[in-house]
> 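The structure under discussion is supplied below as structure tokens; questions concerning it will follow.
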Amino acid sequence: MTTDTRAIEIGHDNKQGGLAVVEMEHVKKSFGNNHVLRDINLVVHKGESLVILGQSGTGKSVLIKCIVGLVDPDDGKLVILGQDVSELKSKELIELRKKIGFLFQSGALYDSMTVRENLEFPLRRQIRSTPKETIDSLVKEAMRNVGLAESIDMTPSELSGGMRKRLGLARTLILKPEIMLYDEPTTGLDPITSKEISSLILEVQKIYDTSSVIITHDIDCARRTANRIIVLKDGICAAEGSYADLAKSEDAWIRSFFE
Amino acid sequence: MKEKSSEHSEDQHHEAEIVTETFSEAAPDSIFNRFFLEVSSLATFTLRFFKEVFKPPYEFNELISQSFLIGYKSVSLVGITAFIMGLVLTIQSRPTLAKFGAESWLPAMVAVSIIREIGPAITALIFAGKVGSGIGAELASMNVTEQIDAMQVSGTNPFKFLVVTRVLAATLMLPLLVVLADAFGLFGSFVGVNVHGHVSTYLFFSQVFQSLQFQDLFPAVVKTFFFGFAVGIIGSYKGYNSSEGTEGVGKAANSAVVFASLMIFIIDMVAVQITSLFQS
Ligand SMILES: Nc1ncnc2c1ncn2[C@@H]1O[C@H](COP(=O)(O)OP(=O)(O)OP(=O)(O)O)[C@@H](O)[C@H]1O
Ligand SMILES: [Mg+2]
């Protein structure tokens, strides 16, 4: 693999021909003089799971926040599920956002609510007239899928780190998103729990038929979940390829991620 | 892509950027600059409030639960403080009035000071300390832990859900609390009058109500809405735009109280000017 942005286009052509759910072209984002994203080009295909690697502070979180619309890119083209984001009105943008799930680095659980209320919150707000039984059964299903069925009446502060990640995931999945964005899903967890979260991500992918973008520093998680890996450096995609490709890259810097 | 500038994180970053820029230029008047920057971004925030408050969907449930949290939970604090205030004010005023042989004016004098000024002002300051800091800290910690972003991602307008409801609840609840404080204050005063000698309930309250006029009540009630609004909007502004990190939470709570208290005095001063215009 070359350390060149052209690699993306090569990768794009090679791909199994799946539909693109996210396309970024020449996306740029700066905060004052801090040019975080310089020129990002990437494609996420339907049903694939794309892992993004990169050093701390290279803008991985900013990149996926651009996808979900928490950060506005300064420049470039962003197409999500076939819709050019810059052409959407704010109503349509909100609709589009509902199809994207975002697992926050910190979990972002609502502290003032119980586990159950955390799960009900997105449901109640999206479909205001949802009958109680439907909500209940959706909440139960989501809790079962992430293996948290017993903790439903606890508050987030009573949960362990791994449980918080699971709850965050359940809250996101309850809206059945088409695209899942994971911001460091396994950071701060022990190896066994990390492994569980990684397999949960794969399961989710299967059950809900989502496409995923996963940011991680955890190379084991990357190996388990990635169909394809992109390495971010200095605001551009420095390399792209399968786990096996990148692990034996000629570039020592890239190889160092896999050691 | 630039039109959708109503994004939460965007706003925040613009403000942060402006502030750091002024800092780096390090002009001697940087405190002055910062003050005006702060005022202008607070004004923008307030404008946004008025834009969002009339737009459906309305968050009635959240408004009611916030009103409960903000109003009902302050009742005992406000009631006790107001009672003590009325009691102390009465006991301390008695010697002065006695010197002029005007002891019988005690109920009337205390009632006018409580209703006109002390009730609204003290209650508003307590409200700023309790509710303003509470809103500031709560929103700031939600901001730090990305809960506000999470709401936005799940299709909820966090400004509407968090800010609009809290500001409305504060605006509506403070006047009620002031009425309650007035009542407890007068009761405290009644007890204070009865510490020396005996004045019947009927005599006390008929003196009180004779001394009060519409010009006393109306402006006193109207200004409390502004006090409540100031506490709500400043608390929300400080919390919603707090800096990153846990340290930002404390700062937001602290500066919310300071700024809101200052604002209460400014509004009070303006209110006095306006009322005296109409009374002369
Ligand atoms: N809202 C913001 N305002 C100003 N600067 C920001 C903002 N968000 C991110 N940055 C800056 O962008 C850069 C990249 O941040 P980002 O959080 O994307 O890093 P990251 O790659 O996710 O790192 P980590 O692995 O530590 O999470 C950092 O230098 C950060 O200071
Ligand atoms: Mg990050």
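Throughout, protein chains are lettered first and strands after them, A, B, ... in sequence-line order, and every chain is numbered starting at 1. Treat the numbers as computed from the prediction; the structure is a model and nothing was measured.
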> With a 4.5 angstrom heavy-atom cut-off, is it the side chain or the backbone of A:Ser90 that approaches chain B, or both, or neither?
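Nothing of A:Ser90, per the 4.5 Å heavy-atom cut-off to chain B.
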> Going by the angle between their ring planes, with limits at 30° and 60°, are B:Phe68 and B:Tyr72 parallel, tilted or perpendicular?
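Judged by the thresholds at 30° and 60°, the geometry between B:Phe68 and B:Tyr72 is parallel.
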> Just checking, any donor-acceptor pair under 3.5 angstrom between side chains of B:Glu52 and B:Asn157?
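Present: a donor and an acceptor within the cut-off.
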> Could you tell me whether the side chain of A:Thr186 reaches within less than 4.5 Å of the side chain of A:His217, counting heavy atoms only?
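In short, these two side chains do not touch, never coming nearer than 4.5 Å.
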> Kindly indicate, with the supporting measurements, whether the criterion side chain to side chain contact (heavy atoms under 4.5 Å, CB included) is fulfilled by A:Lys46 and A:Asp209.
CA-CA 9 Å; A:Lys46 180 148 182 55; A:Asp209 189 28; 3.9 Å; yes
> Quick one: of A:Phe102, A:Phe121, A:Tyr110, who has the most non-hydrogen atom pairs under 4.5 Å with chain B?
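Top count of heavy-atom pairs under 4.5 Å with chain B: A:Tyr110.
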> Counting only heavy atoms closer than 4.5 Å, note whether A:Lys89 contacts chain B via side chain, backbone, both or neither.
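Neither part, no heavy atoms under 4.5 Å.
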